[in-house]
Amino acid sequence: QVQLVESGGGLVQAGGSLRLSCAASGRTFSSTAMGWFRQAPGKEREFIAAISWSGKSTYYADSVRGRFTISRDNAKNTVVLQMNSLNSEDTALYYCAAREVTWPSRVSSDYGSWGQGTQVTVSS
């Protein structure tokens, strides 16, 4: 499976921004759909955003649409989640995930490869 490592998490004030990066290794990355999920304490893991293998199709959860942007650079084997206008409800452990088909999914169980997660904490 694709190996994934997230980075870029940290502490940010409400209204601020963070950029999360996911570094991928594996020869199937260019044909793999990618997604971002998050899990807050005591909550279920939830879908945030996903992107197709080409980067031309994206999906966003209603809670982040207009604030977060997902992108990918297949030449560098990276996926980025740009997060703007952060609020306290965005505090969670953020995971990068890979689905080894070209089309993305909003469903956590559809992804076979996961990173270890990076913590995002938003102070209010």
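Computed over heavy atoms, backbone and side chain alike; hydrogens, waters and symmetry mates excluded.
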Any Asp90 side-chain heavy atom under 4.5 Å of Arg38 side chain: yes
For the backbone of Gly10 and the side chain of Gln119, can you confirm whether one donor and one acceptor N or O come within less than 3.5 Å of each other? no
What distance separates Leu86 CG from Ser123 OG, expressed to the nearest 0.5 Å? 10.0 Å
Tell me if a side-chain donor or acceptor on Thr91 pairs with a main-chain N or O of Val122 at a distance below 3.5 Å. yes
In terms of heavy-atom contacts, Ala40 and Ala92 come closest through N-CB, 3.8 Å
Can you name the ring-ring contact (aromatic ring centres under 6.0 Å, His included) partners of Tyr60, sequence neighbours left out? none
If we only count heavy atoms from C-beta on, is the Leu20 to Glu6 side-chain gap below 4.5 Å? no
Is the closest side-chain heavy-atom distance between Val2 and Met34 below 4.5 Å? no
Closest non-hydrogen atoms of Glu46 and Ser63, given as atom of the first, atom of the second and distance, are OE1-OG, 4.5 Å
Using the test side chain to side chain contact (heavy atoms under 4.5 Å, CB included), find all partners of Val80 that sit at least two apart in sequence or belong to another chain. Arg19, Ser21, Ser71
Is there side-chain contact between Phe47 and Pro104, with at least one heavy-atom pair below 4.5 Å? no
The criterion is side-chain hydrogen bond (donor to acceptor under 3.5 Å, both in side chains); which residues satisfy it with Ser17, sequence neighbours excluded? Asn84
Which residues pass the side-chain hydrogen bond (donor to acceptor under 3.5 Å, both in side chains) test with Tyr111, not counting sequence neighbours? none
Residue set satisfying side-chain hydrogen bond (donor to acceptor under 3.5 Å, both in side chains) with Arg106, at least two apart, ordered chain then number -> none
Taking atom CD1 of Ile51 and atom CH2 of Trp103, what is their separation to the nearest 0.5 Å? 11.0 Å
Applying a strict under-4.5 Å side-chain criterion to I, L, V, M, F, W and Y, I'd like to know whether Val12 and Tyr94 cluster together. yes
Has the side chain of Ser52 got a donor or acceptor atom that lies under 3.5 Å from a matching backbone atom of Ser57? yes
What one should report as the nearest heavy-atom pair of Ser85 and Arg67 is O-NH1, 3.0 Å
Which pair of non-hydrogen atoms, one from Arg72 and one from Ala33, has the smallest distance, and what is that distance? NH1-CA, 4.0 Å
Using a 6.0 Å cut-off, check whether atom CD of Glu89 has over 12 heavy atoms from anything other than its own residue. no
Take Phe68 and Leu18 through the test side chain to side chain contact (heavy atoms under 4.5 Å, CB included) and record every step on the way to the result. CA-CA 10 Å; Phe68 292 9; Leu18 281 176; over 6 Å; no
Suppose we screen for ring-ring contact (aromatic ring centres under 6.0 Å, His included). Which residues come up paired with Tyr95, at least two apart in sequence or across chains? none
Side-chain heavy atoms under 4.5 angstrom apart, residues restricted to Ile, Leu, Val, Met, Phe, Trp, Tyr: same cluster for Tyr59 and Ile48? no
If the test is side-chain contact (heavy atoms from CB on, under 4.5 Å), which one of Leu4, Thr118, Thr78 qualifies with Cys22? Leu4
If you define the side chain from C-beta out and look only at heavy atoms, does anything of Trp36 sit under 4.5 Å from Cys96? yes
Rounded to the nearest 0.5 Å, what's the gap from OG on Ser105 to CZ on Arg99? Could you check? 5.0 Å
